[in-house]
Amino acid sequence: MGSTRDTDEISMVLGRLARVAPGASAGDPSGAGARALLASITTEPRVPVVTRRYGPRRLVPGLAVAALLAVGIVVGPGLLGGGHGVALSYASSEIDVRREGDAYVARVKDPFADRAAYRRAFQAVGLDVDLRVVPVSPSQVGALIESGSKGGGPGTALSAGIEGPQGCTVPQRGCYLLVRLPAKARGRAWFTVGRPARPGEDYAGHNSATLPGEALAGVRVSGRTVGQVMAEVRERGLGAEFTLVVPAPDGGHSERPLKAGQAGDDWTVWEAEGVRAGTVRLLVTRERLGHNPLQ
Amino acid sequence: MDDERTVRFETVYRETYSRITAYAVRRCGSPQDAADVVAETFTVAWRRIEEVPPGHEALLWLYGVARRVLANHRRGEERRQTRNAELDAELADLYGTSPDSGVELTAIAQVFRTLSGDDRELLSLVAWEGLDREEIATTLSLSRNAVRIRLHRARRRFARALAEADVRFTAESRLVPVERSL
């Protein structure tokens with residue numbers, strides 16, 4: 001190594017590893033998320049709402065709604081539907097929103113658009129709705145991934161799906177992501193809906209890769225060895241990443257990424273998740289446990 | 001009294017939120033984990049607002065809390081206090097680019113991960129949070145002298161590990177990164 005490295009040099013090199021540059025701050029305390037957190041902390045001082053960090057499936061569509069409603073996040077002033085000067089429909093190249101009976105129906109024509117464009121559409125019809133469209137694995141396209149509301153918002157009455165000819169692919173012409181919410185909803189709502197991932201784009205969230213339509217559809221992975229599952233993975237021309245599952249004494253668990261080659265062929269696989277097109281993540285333990293630590 | 005408490009907490013929150021968020025984002029593998037650490041850290045601060053020191057020391061106190069929260073989180077002991085889709089999404093924006101891309105930086109990152117948690121935290125507090133020895137001493141509840149010695153050893157261990165891994169810096173690695181737009 002020659003001479004001792006200059007200490008500043010070490011800091012500089014380390015600095016380049018930082019996700020947020022040294023000295024820089026991240027996040028705006030006046031942003032919606034930060035204000036929501038502040039409100040949830042100061043309004044519920046002694047009764048923390050405990051939800052499982054890692055459930056069997058973290059992104060079961062719709063499941064997050066209950067948790068959010070329980071927390072009671074307060075964000076900004078509520079806007080009213082049916083107020084003055086409110087349109088009944090709105091159309092842009094990104095999204096259409098229109099009243100159909102007792103519901104507003106939004107058709108996302110461009111799932112890759114900036115979310116401000118969606119927001120404007122909802123605002124035009126008097127709804128304070130923040131729609132996020134995130135990349136997901138094939139079976140989750142059109143699924144309502146996460147949602148929440150405040151002040152009598154649409155909450156659990158939200159639904160999402162795909163509209164178009166049978167088996168059509170978003171964003172083909174005539175094939176839309178569709179979101180339906182009750183017209184009389186008040187307050188604020190936000191929700192996340194899945195769209196197809198671009199090539200190489202990581203999926204948001206973790207979804208089993210063994211579900212119909214996914215990379216390892218129909219393959220049994222839980223309780224099998226890494227060697228056995230990798231044979232299935234290779235047969236399908238897929239790549240694999242590995243995550244170590246560390247069971248906690250109270251029944252939960254934590255997860256740690258493993259480097260390639262760290263997981264032995266005799267380790268046990270408990271779940272396979274889609275990471276991005278062509279790549280799955282195997283959740284493994286070194287020992288063969290008597291039960292699935294993810295459940 | 002409750003009002004006073006709330007006002008005090010809100011002031012601390014406003015003044016430290018960005019720094020604590022940066023701290024969590026630099027150390028957590030996912031925006032959800034970072035959001036957890038931020039939420040839990042401030043929840044602790046709210047419960048113990050009477051103990052939070054005034055001025056700049058509040059930030060150092062919070063770094064100390066965040067460090068413990070993070071350690072618990074890594075042991076899988078923390079449960080989500082809140083599920084805040086807004087916060088998750090805001091933090092997700094910070095994960096858009098991977099910091100340790102590039103062969104050389106990846107190698108440095110790998111070597112860094114081989115250090116003990118204590119060594120990594122000391123070096124990170126200097127390199128990432130820009131704390132000086134006195135501030136680190138306050139954050140970690142150590143004497144200044146202990147910080148000086150430990151920091152010296154941590155740097156030496158890191159330098160040795162880099163040399164053993166045959167990782168060399170090029171001129172480019174010496175460049176201080178420009179601040180990313182957030």
Side-chain angles (χ1 to χ4, degrees), chain A residues 1 4-5 7 9-34 36-38 40-42 45 48-54 64 67-68 71 73 75 130 132 146-148 190-192 204 246-248 250 252-257 259, chain B residues 6 9-10 13-14 17-19 21-22 25-26 29 36 38-39 42-43 46-47 73-91 94-95 99-100 105 108-109 112 123-124 126-130 155-156 158-160 163 169 173-180 182:
Chain A
M1 134 173 127
T4 310
R5 287 183 197 286
T7 52
E9 190 177 5
I10 279 187
S11 287
M12 279 184 212
V13 166
L14 274 185
R16 296 199 67 209
L17 299 180
R19 188 170 283 111
V20 175
S25 48
D28 175 5
S30 60
L37 175 62
L38 176 66
S40 73
I41 290 173
T42 54
V49 178
V50 179
T51 54
R52 278 183 65 87
R53 173 68 179 87
Y54 297 107
L68 264 176
V71 172
I73 288 168
V75 186
D130 188 7
R132 281 196 186 92
E146 198 172 55
S147 69
W190 56 93
F191 48 96
T192 305
V246 185
D250 64 356
H253 73 276
S254 58
E255 299 174 3
R256 277 176 218 150
K259 279 181 229 146
Chain B
T6 307
F9 177 73
E10 285 179 0
Y13 186 84
R14 225 176 16 251
Y17 174 83
S18 297
R19 295 278 167 190
T21 301
V25 167
R26 286 173 189 135
D36 278 358
V38 171
F42 282 110
T43 302
W46 167 247
R47 289 193 201 117
H73 202 81
R74 287 188 177 135
R75 283 197 293 268
E77 290 170 2
E78 290 299 333
R79 291 290 168 266
R80 286 210 96 159
Q81 294 289 315
T82 175
R83 180 141 192 95
N84 183 335
E86 294 273 351
L87 190 61
D88 285 359
E90 280 173 21
L91 297 197
L94 300 168
Y95 283 77
D100 52 346
L105 279 179
I108 293 169
F112 188 55
L123 296 174
S124 303
V126 175
W128 298 352
E129 273 72 39
R155 280 176 173 143
R156 208 174 47 194
F158 186 40
R160 195 186 299 139
F169 314 153
S173 343
R174 293 201 187 88
L175 296 176
V176 179
V178 281
E179 240 180 54
R180 295 189 186 102
L182 294 174

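Just so we're on the same page: letters track the sequence lines, and every chain starts at 1.
- Side-chain contact check for A/Leu38 versus B/Tyr17: every heavy-atom pair is 4.5 Å or farther apart.
- The main-chain N or O of A/Val20 is found under 3.5 Å from a side-chain atom of B/Arg26 such that the two form a donor-acceptor pair.
- For chain A, the nearby parts of B/Phe42 are the backbone and the side chain; heavy atoms of each come within less than 4.5 Å.
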Query raised in the report: Could you go step by step and tell me if B/Phe158 and A/Leu14 meet the side chain to side chain contact (heavy atoms under 4.5 Å, CB included) rule?
Result: CA-CA 10 Å; B/Phe158 186 40; A/Leu14 274 185; 3.9 Å; yes
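- Screening B/Leu87, B/Thr43, B/Thr21 for a side chain to side chain contact (heavy atoms under 4.5 Å, CB included) with A/Leu37, the sole residue that qualifies is B/Leu87.
- In this structure, OG1 in A/Thr42 is found 9.0 Å from OH in B/Tyr13, a value given to the nearest 0.5 Å.
- Ranked by heavy-atom pairs shorter than 4.5 Å toward chain A, the options B/Val25, B/Leu91, B/Leu123 are led by B/Val25.
- Counting only heavy atoms from C-beta outward, the side chains of A/Leu17 and B/Trp128 approach each other to under 4.5 Å.
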